[in-house]
4 protein chains.
Amino acid sequence: MPSDNVPSRPRRSERARRAILDATYDLVLEKGYAKLTIEAIAARAGVGKQTIYRWWPSKGAVMIDAFLPEGAGEETEVDLPDTGDLAADLKGVLRATADEFADPAFSARLRALSAEILLAPELAPDVAERVLGPGLRAYKKRLLAAQQAGVIAQGDDVDLDVAVELLLGPLHYRWLHDLGGITHDYVDTLVDFTLAALRPGATTTSSSSS
Amino acid sequence: MPSDNVPSRPRRSERARRAILDATYDLVLEKGYAKLTIEAIAARAGVGKQTIYRWWPSKGAVMIDAFLPEGAGEETEVDLPDTGDLAADLKGVLRATADEFADPAFSARLRALSAEILLAPELAPDVAERVLGPGLRAYKKRLLAAQQAGVIAQGDDVDLDVAVELLLGPLHYRWLHDLGGITHDYVDTLVDFTLAALRPGATTTSSSSS
Amino acid sequence: MPSDNVPSRPRRSERARRAILDATYDLVLEKGYAKLTIEAIAARAGVGKQTIYRWWPSKGAVMIDAFLPEGAGEETEVDLPDTGDLAADLKGVLRATADEFADPAFSARLRALSAEILLAPELAPDVAERVLGPGLRAYKKRLLAAQQAGVIAQGDDVDLDVAVELLLGPLHYRWLHDLGGITHDYVDTLVDFTLAALRPGATTTSSSSS
Amino acid sequence: MPSDNVPSRPRRSERARRAILDATYDLVLEKGYAKLTIEAIAARAGVGKQTIYRWWPSKGAVMIDAFLPEGAGEETEVDLPDTGDLAADLKGVLRATADEFADPAFSARLRALSAEILLAPELAPDVAERVLGPGLRAYKKRLLAAQQAGVIAQGDDVDLDVAVELLLGPLHYRWLHDLGGITHDYVDTLVDFTLAALRPGATTTSSSSS
DNA sequence: ACTTAAACGAGACGGTACGTCGCGTCTTTTC
DNA sequence: GAAAAGACGCGACGTACCGTCTCGTTTAAGT
């Protein structure tokens, strides 16, 4: 009779877990990441500090969980619209993103996550995968469809990962360093530039050196 | 014309100032920004804490000063090479930048500055102007020269600020979120994409809405 | 009248009980009372904390039980030797006691019990009765025999309880406050002083007031 | 000119020191030693915890200082009265002591100090010297005077330290273990017994062994 | 050279938060 | 239904730094 085949279930309190994530979410928006403390989270959540330390290794890890939607399993992938008009589709999504940047709640969250990555780089892969991942994959999927439709160039030299970064990188860079407004015009320009760069036959001639 | 005749000149100790900036610089590289404390700076510099608080409003302000080269007056602008081959010039500079990203000291500094901006957004303009500014202006200047040489498109719809962000934004984005390697191939691709986007007549046809 | 016929027998685990008392005993000797914790007892005993709280009201109560010999019912009273030579008998027992004070295990236990009494005075009667009681009664019984043999004074003014305290009080006082060595000479002196005080006709002349 | 001959004075805040000692004193009386915490002391004193840890190694050390009168330099020795009537003098002082034992404040202090010694035996010498010392020396001095007056026995076998313990040991023992009331009668009995033991020629005949 | 006022090093101060330990209660599962 | 296991809310621990505040002690200007 093989008895102890039970891996000692951790019997975690769902109530406490949700209270902690909610408190964290609210506190980041209210006070900002710089003022976020474990003690404040615990107090707001009506929870002992130890309960936080028991389940998360750091403040940043709590925050990442707090910023993810609840049912974020791996099957829940998002899709960009595909009307056949790539430029319009991208501009539609990026304009919505631009609007989000104007939302204090959104930028507070992004600020917090970015700061956390910089202070604790070991969290970067987790953020990249769980937070950015779905979005990046959605963009890439849409570009792939466009590629197959012949709207943008094909070939080994057309790296769609870079193409996605061409759309989002400037946006984040401008936001982070406050280099200019994140307007609809701005994101339209980004889309226009990016699609021009991806136009079939666009990058064929270019000098280089080692 | 003997103007501001300085009635109460602040007899500031140059020795202390340099010791503080050097200590800050060293500590960021050794321990990282997250472990940087005013007390550690003061101790390392052999300086009283008050001397730091007397001359800088915050830890971030000290850090910005610590990371700027000493003779960084406003007249010292840098220039990109101009061999006539825009792609080669850009790739040369960006490959050097890519190499810098591989340097722990460089990335530690960049990490620290970026974190500081996120935690204290009021410092962003200062960093944008004094740290990034010269670089951004140099890129823009080179693109402007290329524009005048007819290598890249002209016109109101060609925003060179955005063009510069197209080169640097993806680079920082990829670095910050650890999305992939910062290789010479990568920056070459960025230059190729960007120049393709900027090629005369590239962005003329594109749908849009709203 | 068949009284307490135990209708709801508390299915108490003897194994757990002994493990708890043993663990407590061992931990006090190893780490000292100051480091004794319920969690440590439970862990060492391989027992849930609740099992301790179920059967004892406090840490001190566990300790008292842990320090009593197992078959310490009320019928087990001890006796001092009675060779007819009171001084020799007392010195014999007290010298053995003095030797015990030199034993780290003994003094650790005494230290723990005394501390417990001071921190939780409600336990004092229990300790006085169950721990000290048998010893005190044995001394008093021996003195009573000596009194009846005419070796020490009789009368209402000869309080044998005080006489016993005269023997043991100084010993504990000296030990607790580390006022001097607990040697055979010392306890001999105590016995000599005490017997001198108790000698028939000793305390008849003495002034007093109020 | 030898400059640095100054031993870098610690610049300690007298205000904080007094506030800490007063708060400790008050808290012991109000809540008892078992509930005394560094945090409560700091809060009551309006002081940072670090200020306590900076100047005292432990809670017990603070307490000892808190319980000593302020001007407790080594020259401030106390004397027992000396009317020529030793028994009356001793009874007078011990009756006052008995009254103190009835005072909740006094017994709370004594309880706290005793507990501290038991939990941290390394403090025992300090307590013995600074707290008990003056009292013990005063008793011994009075007995010495009586000895020289011929009231009590002289000789090498008359250890006045033990004599003092004969007076105080039983008192503390009875108090600690709650063995009986600390009445005037009780202390009178102690004095009578002790003086009977010390009477010239009292301890000459007594058997012994080993 | 002498005076004098600031800046300086040192570090104590009242605080806040850290991450850990143990409390006594509770909940779940096993025997 | 007691027992093991251990999560829970809570309170205190002792430490690290914060930013402010004295302390003497340089130190450089302006007599």
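In what follows, every chain begins at residue 1, and chains take the letters A, B, ... in the order their sequences are listed.
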*Nearest whole angstrom, please: distance from the C1' of dC23(F) to the CZ of Arg12(D).*
17 Å

_Nearest atoms (heavy-atom pairs only) where Ala16(D) meets Thr51(D)_ = CB-CG2, 4.2 Å

*Is there a donor N/O on one and an acceptor N/O on the other, under 3.5 Å, for the side chain of Arg11(A) and the base of dA5(F)?*
yes

_Within the 4.5 Å heavy-atom criterion, are Leu113(A) and Phe67(A) side-chain neighbours or not?_
yes

_When you compare the side chain of Tyr33(A) with that of Leu119(A), does any pair of heavy atoms fall below 4.5 Å?_
yes

_Just to be sure I understand the geometry, which residues of residues 19-28 of chain A put a non-hydrogen atom under 4.0 Å away from DNA chain E?_
none

*Sugar-phosphate or base contact per nucleotide [nucleotides 14-19 of chain E; S, B, -; heavy atom under 4.0 Å]*: BB-SBB

*What bend angle does the helix from dA1(E)-dT31(F) to dC31(E)-dG1(F) show across its length, from five-pair end axes and to the nearest 10 degrees?*
20°

_Which residue is it: Tyr25(B), Trp56(B), Trp55(B)? I am looking for the one with a side-chain contact (heavy atoms from CB on, under 4.5 Å) to Asp65(B)._
Trp56(B)

*Which whole-number value in Å describes the distance from Trp55(A) CH2 to dG9(F) C1'?*
15 Å

*Starting at CZ of Arg17(C) and ending at P of dA4(F), how long is that distance when rounded to a whole Å?*
14 Å

_Any Glu116(A) side-chain heavy atom under 4.5 Å of Val127(A) side chain_ = no

*Arg17(D) versus Leu21(D): any side-chain heavy-atom pair under 4.5 Å?*
yes

*asked:* Nearest whole Å is fine: how far is dC8(F) P from Ile52(A) CD1?
replied: 11 Å

*Closest approach of Arg15(B) and Ala45(B), non-hydrogen atoms and distance?*
NH1-O, 4.5 Å

*asked:* According to side chain to side chain donor-acceptor pair (under 3.5 Å), who are the partners of Lys49(A), at least two apart in sequence or on a separate chain?
replied: Glu39(A)

*Measure from CD1 on Ile41(D) to P on dG14(F) and round the result to the nearest Å.*
11 Å

*Can you name the closest pair of heavy atoms from Ala112(B) and Val28(B) and give their distance?*
CB-CG1, 3.9 Å

_What is the separation between atom CH2 on Trp56(C) and atom C1' on dA2(F), rounded to the nearest whole Å?_
14 Å

*Arg111(A): partners by side chain to side chain donor-acceptor pair (under 3.5 Å), with sequence neighbours left out*: none

_Asp126(C): which residues meet the side chain to side chain donor-acceptor pair (under 3.5 Å) condition with it, sequence neighbours left out?_
Arg130(C)

